[in-house]
Structures are given as structure tokens and as C-alpha cells.
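Quick caveat, the model's predicted, so the values are computed rather than measured.
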Amino acid sequence: MNSSLATAGLLAAAASCAVQAQDATSTATLREVTVSTPRGEVRPFDVPGSVDRVEGGEMRDARLQVNLSESLGPVPGLQVQNRQNYAQDLQLSIRGFGARSTFGVRGVRLYVDGIPATLPDGQGQTSNIDIGSADRVEILRGPFSALYGNSSGGAVQVFTEQGEGPPMLGFSVAGGSFGTWRVGSKLTGSSGAVDYTLSASRFHTDGWREHSAADREIQNGRLGFRLDDGSKLTLVFNSVHLFAQDPLGLSAEQYALNPRGADLATQFDTRKTVDQQQLGLTYERSIDARNALRLMVYGGQRSTVQYQSIPPAAQANPLHAGGVIDLARDYGGLDLRWSAKLALAERPFDLVAGLAYDSLREKRRGFENFYGNATAPRALGVQGRLRREERNEVRNLDPYVQGSWRFAERWTLEAGVRRSNVRFSSHDRYIVGANRDDSGSARYRKTLPVASLRFQATQDLAFYASAGRGFETPTLNELSYRADGIGGLNFALQPSVNTSVEVGAKARVGGGLLTAALFQTRTRDEIVTNTNVGGRATFQNAGRTKRDGFELAWQHETADHWRTQLAYTWLDARYRDAFCSPSLCSTGNTVPAGNRIPGIAEHALYASYGWVPPEGWRAGAELRALGKIAANDRNNARAPGYAVASLYAGYVRRWDRWDFNAFVRVDNLFDRRYVGSVIVNEGNARYFEPALGRNWTLGMGAAYRF
């Protein structure tokens with residue numbers, strides 16, 4: 001990493017010179033914002049790590065407001081792809097963590113208003129995030145994300161708006177290519193000691209590809225109560241209903257001949273239905289001027305039914321679990337946190353200590369996806385005989401502590417540790433014929449320390465270095481099958497453990513913010529695909545991996561409202577040890593050391609430039625570019641790199657108590673044909689999920705303040 005360190009040093013020196021040369025008469029200044037940390041609200045400039053904040057208003061400006069992938073491009077190190085498949089959620093990874101997930105979000109911690117959207121086994125989803133009422137999204141990358149526990153290669157936190165002032169009622173509508181539309185409404189305000197935000201939206205698309213239609217309804221709410229003793233109570237609730245067809249991936253040949261096709265998906269009528277409701281309550285109380293308590297409790301339920309394309313012949317094995325997955329999940333937990341502002345050696349010392357508990361109870365059933373017998377099915381894509389039934393539980397109990405000590409005027413030392421304890425258990429309820437009792441349990445424990453040192457060279461220039469350890473347990477989905485073909489959970493699978501180091505610089509230059517970070521993560525026991533045959537994926541622990549990376553970001557807005565956003569990421573993620581699955585070893589086809597970890601682009605670039613005054617006409621352009629991506633461990637299948645451009649224009653106007661906005665947007669302006677995401681290690685070589693061609697969106701909204 002010596003050459004990269006030299007690059008970082010030159011960058012920091014350039015930033016220092018730019019700060020010193022800054023025009024003192026410039027009227028453009030950075031907006032003063034904060035991000036949420038366990039020790040409270042902190043300015044991003046003061047955080048000794050890589051953290052970004054994306055405002056809710058920017059996420060809604062001239063966008064459809066359906067997916068996080070629309071608006072998180074300015075965040076370096078974050079790769080978020082819209083699969084154009086709402087049955088599988090977004091493909092989201094941070095510094096390569098989560099890239100192998102074939103559905104949902106894996107390896108990254110997700111939170112909505114403090115409630116984990118990642119379950120204790122490490123699997124999460126973004127389907128319940130309501131962009132229409134989001135105040136902001138915060139993204140934490142690097143070593144300090146380990147303080148969030150299991151599967152914390154990074155953390156993404158979404159916060160709902162807090163109502164203020166007289167009631168405001170708003171309505172928005174947007175429509176676009178391929179039968180896509182969204183309608184939404186929102187009521188916000190405050191009265192005395194109560195503030196409120198209530199929102200609802202409905203989204204539909206016919207889909208660009210065949211068999212890719214989707215419907216989604218979200219209701220989201222936040223109620224705040226200030227009590228007489230100065231404490232605060234916040235109630236958040238959320239509900240989502242999703243129905244989505246699953247067009248599946250395409251092989252290279254299928255992609256070349258007909259990228260919009262989905263013949264197999266149509267044959268089996270592959271689809272997914274999700275219903276989720278959750279409720280959370282946060283109580284915050286200042287004990288005195290130095291000490292405060294915070295208690296968060298939450299609970300919810302999520303039911304999922306998914307029809308897969310597993311051929312009946314593959315289900316002839318009496319140990320096969322079928323082609324229809326039926327999950328009913330109840331989850332809940334709490335987080336109790338004490339914070340104190342103290343002094344150590346007569347210097348400021350902030351301390352936070354807490355205890356987090358999360359639980360998941362899952363009822364998992366599997367059914368055949370056909371009627372009749374495996375050799376002569378009478379119907380496909382329907383629920384047939386029961387083939388699997390079990391009760392699974394996952395619990396974690398994690399104490400944690402974090403301290404920040406400003407031991408000198410320009411120096412700050414931060415350190416923390418979390419002891420993560422995750423327990424899995426499975427109770428088999430389907431013991432029929434060759435299916436034996438496959439009940440079992442496993443416990444994973446790991447101590448996760450982190451530390452950082454920050455030096456503020458000038459008022460507008462800071463340097464930091466940090467290091468930490470994290471880990472990822474297998475998810476219930478990764479434990480679901482064993483390579484030997486015997487039923488039951490694969491409790492031989494071990495968690496992967498990673499150690500990360502990072503050095504970085506932050507500079508406020510000419511009213512903008514320039515950030516740079518250089519990092520390395522080494523992992524042992526990386527969880528990788530073992531076999532993927534007949535619709536059953538099994539997993540194993542490989543050897544060691546290494547991720548070297550560099551991130552650079554620049555955000556600036558002039559006094560006359562010209563905005564520039566740049567984000568560049570270089571990420572070299574490779575296997576350090578050779579490995580093979582049993583089927584590959586028998587033929588001598590190993591995955592050699594030095595191969596790239598699939599699903600991760602080496603280079604990523606985002607650039608936008610626009611004129612965004614608070615009122616009147618506005619317009620801008622965006623560029624997104626991504627390097628080629630390996631689709632499997634052997635690296636003999638790849639998605640080519642691409643670059644796509646977008647243009648947008650809009651109008652914002654305020655009349656008395658009315659706010660009005662309208663916009664038009666064109667994405668993939670030059671109608672590039674490209675692969676938007678890949679299904680890593682797909683067993684039938686159907687790796688590729690095509691992206692949309694040129695498409696347009698038109699929208700408008702209005703709000704009235706009573």
C-alpha cells in the first residue's frame with residue numbers, strides 16, 4: 001500500500017494548500033449539519049472516519065422516490081444497484097461487504113429511525129424505507145461500523161422527518177416509462193409538546209423486462225412527545241405490502257439475444273409477496289447536565305411467500321425442500337444506552353455504554369411448486385405438497401462501550417468495544433421418511449474493538465487514522481442447506497472475521513468539503529458459495545481475502561446555487577487463498593488465489609453538476625460509471641463496465657402558504673445497453689440482470705401550510 005499512502009499524502013498536502021489559499025471573502029459556506037453516533041450528534045467533519053449524510057430533500061428532488069439507488073451516488077465506497085427486480089430488493093454493498101448477496105442486503109447494517117432493518121442473523125431489506133418522508137440518510141464506512149455488531153461492514157441509517165410548525169399537507173405524483181407510477185401524501189407539523197409526521201405512498205411498475213411487474217404500498221409515521229420533566233418520547237411505526245414478479249437472471253447468451261426476456265420465469269410464474277408491520281418506541285431523558293439515558297424498544301412481523309423456478313425433477317429427491325418458500329417472522333429487541341460528558345486529566349471525555357438485545361423467531365415451510373408428480377406435473381408455479389417445516393430462532397445480546405477523549409487542543413482519541421453474542425437454534429417439524437430430525441443449535445461470539453486518532457491541523461483541515469475488527473455470522477438463508485444433501489441447517493459454517501485499517505483527510509475548501517480515505521480490510525473464513533445445484537445453494541468458509549481501497553469525494557455549492565458532487569472509489573478485492581467446493585475439487589477446478597471477489601467493481605465514479613436555487617427553474621446532469629464486475633468466483637464470467645448519463649429540469653415555486661414543484665428527468669440518456677447487476681455464483685450461469693434503456697420520469701407535487 002506504499003504507493004497509495006503516498007497518493008493520500010499528496011492529496012492531504014494539496015488540501016492543506018487549498019485551505020490556506022481559500023478566499024476569505026467568499027460568501028459560500030457549508031451547511032452546518034450533524035450525523036448520529038452512539039455518543040450523540042456530531043458534525044461529519046469531526047468524525048474520525050468515513051461518514052456521509054444525504055438530505056431527504058435532495059433524495060426527492062427530480063426523482064421518482066422509490067429506491068435508495070436513485071440518490072446515493074454521491075457516497076464513495078457505496079455500491080447500490082437497482083436489480084430491476086423488486087422480488088430481490090436492491091444490491092447494496094459497502095467496501096465490498098454485501099456484494100455476494102443474491103437477494104436482500106447482506107453484510108451491511110440497516111436502520112430506520114433507530115430500529116434495525118437488519119435482523120440478528122445479518123440479513124436485511126430496504127423495502128420498508130419511505131423516501132417521501134425521509135429527513136436524511138447517513139452512511140458509515142470503515143472500522144467504526146464494527147460497533148454496530150454482526151454483519152457491519154458498513155451502516156446505513158434512515159431518519160424520518162420531525163414535524164415542525166403549523167400543519168402541512170402535501171401530495172405528490174410521478175410517472176414514467178414502462179407503466180411506472182407513484183403517488184404519495186404526507187402530513188407534518190407540531191402542536192405544543194407534540195410533533196408528527198404521517199406519510200403513505202403507492203408504487204407500481206409494469207417492468208422493463210417481461211414478468212417484472214411490481215406493486216408496493218408503504219405507510220410510515222413518527223410521533224414525538226415532550227414530557228413535563230424535559231424527557232422525550234418518540235413513537236415510530238411502519239407498514240409495507242409488496243407483490244413482485246421475479247424475472248430471474250439471464251445467461252450471457254440469453255442477454256445477448258433478448259435482454260428483456262424471462263421465459264423461465266413466465267413458465268414457473270416466479271413471484272414474491274411480502275407483508276411487514278413494525279412499531280418502535282424511544283425514550284430519552286437527561287438525568288442532569290452531564291448524564292443522559294436512552295431506551296429504544298421495537299417489535300414487528302414479516303411474512304414472505306416466494307415461488308421459485310426449481311424444476312420438479314430436481315425436487316424428486318425426498319430430502320429436497322421444494323420450490324415455494326413460506327416464511328413467517330416475528331422480531332423485536334431493545335437498546336439501553338447511558339451517555340455522560342466527563343473530564344479525564346482535566347480534558348473533555350465523552351463516554352457511552354449500552355446493551356443491545358435482538359431476537360428473531362421464524363416459521364419456515366417449503367412446498368413443491370407443482371401439482372401432480374415430478375415426471376408429469378399438471379401445473380407449475382403453484383403451491384403443492386409440504387416438503388419442509390421448522391422453527392428457527394436467532395438472538396443476540398451485545399454490551400458495548402465507546403469513549404472520546406480530547407487529550408490536547410488538536411488531538412482526539414476515540415475507542416470502543418462491543419462483545420457480540422449470536423445464538424442460532426433450529427427445531428425440525430418435518431420428520432418424514434428419509435427426513436430425519438435435523439434440529440440443532442450454534443453460538444457465535446466475538447469481541448469487536450475499534451480505535452481512532454484524530455488531528456485537526458487547522459480549523460478547516462483534519463487527519464485521522466482508525467482500526468477495528470468486525471465479523472459476519474452466516475444468515476439463516478446461508479445455513480438452510482448442507483452440501484451432503486442431508487436436511488437441516490449447516491451449523492458447520494463459521495462466521496468470517498475481518499480487520500480493517502483506514503487513514504483519511506477532510507478539508508473544507510472554498511465553501512465545500514473534500515474527503516479522502518485509504519483503507520485495507522483483511523478477512524479470514526470468508527463465507528462463499530459451496531454448491532448451487534437444483535435451486536439449492538450451500539455455503540462454506542474459504543480462506544483469507546483482502547480488500548484495498550481508496551475513496552475521494554467533493555461536494556460544493558456556490559452562493560448563487562451551482563452545485564457540484566463528485567465521488568470516486570477504487571476497490572481491489574481478492575481472494576488470498578485458493579479454495580474449491582467438493583464438486584470443483586473432484587475435477588481440479590479450484591478458485592486460485594488472486595482471483596477477484598465477485599460482485600465488486602474495481603472502479604466507480606459519480607459526478608453531478610446543476611443549478612439548484614431554492615425557487616424558480618433548476619436543471620442538472622449526472623454521470624454514473626462502473627468498472628467491469630466478476631460474476632463468479634472463477635472469474636470466467638464478467639459484466640462489462642459502463643457509463644450512463646442523466647438530465648433533469650424542474651421548477652419550484654412558493655405562493656403564500658402553497659409550495660409547488662414539478663420536474664422532468666431522462667435517465668440513460670444515450671440508451672446504453674448494459675448489465676445493471678449480477679447474481680453472484682448463480683448455479684445455472686444466469687448471472688446477468690439487465691438495466692433499463694433510455695427512460696423518462698415526469699412528476700409534480702404541492703403542499704399547503706395551514
Flag the pair [X] / [Y] as yes when at least one side-chain heavy-atom distance between them is below 4.5 Å, and no otherwise.
X    : Y    : answer
F159 : D113 : yes
Y704 : L169 : no
N220 : T160 : yes
L552 : L514 : yes
L281 : L233 : yes
L571 : F519 : yes
P116 : Y298 : yes
D350 : V352 : no

What distance do [X] atom [atom1] and [Y] atom [atom2] have between them, rounded to the nearest 0.5 Å?
X    : Y    : atom1 : atom2 : result
R418 : D398 : CZ    : CG    : 4.0 Å
R618 : H561 : CZ    : NE2   : 9.5 Å
L198 : L223 : CG    : CG    : 6.0 Å
I600 : F97  : CD1   : CZ    : 9.0 Å
T188 : Q162 : OG1   : CD    : 11.0 Å
L92  : R106 : CG    : CZ    : 13.5 Å

With no hydrogens and no angle check, do the side chains of [X] and [Y] hold a donor and an acceptor under 3.5 Å apart?
X    : Y    : value
E622 : Y648 : no
S452 : S466 : no
D667 : S646 : yes
S71  : R60  : no
R337 : Y400 : yes
R95  : S50  : yes

Checklist entry - How are the rings of W562 and Y609 set to each other: parallel, tilted or perpendicular (split at 30° and 60°)? => result parallel
Checklist entry - So with a 6.0 Å cut-off around CZ of R705, is the heavy-atom count from everything else above 12? => result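 More than 12 heavy atoms, drawn from other residues, nucleotides or ligands, come within 6.0 Å of this atom.
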Item to check | Neighbour count above 12 (heavy atom, 6.0 Å) for W338 CH2 | outcome: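 Yes, enclosed.
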Can you tell me if [X] uses its side chain to pair, donor with acceptor, with the backbone of [Y] under 3.5 Å?
X    : Y    : value
S177 : W696 : yes
R202 : D215 : no
R454 : T412 : no
W611 : W617 : no
R83  : D89  : yes

[X] to [Y] six-membered ring, cation-pi geometry met (6.0 Å, 45°):
X    : Y    : value
R216 : Y86  : no
R653 : F660 : no
R53  : F45  : no

Checklist entry - So which of R226, E164, R222, E161 actually passes side-chain contact (heavy atoms from CB on, under 4.5 Å) with D195? => result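 The residue from R226, E164, R222, E161 that satisfies side-chain contact (heavy atoms from CB on, under 4.5 Å) with D195 turns out to be R222.
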Checklist outcome for this item: Which of Q456, E502, K506 passes side chain to side chain donor-acceptor pair (under 3.5 Å) with Y464? It is E502
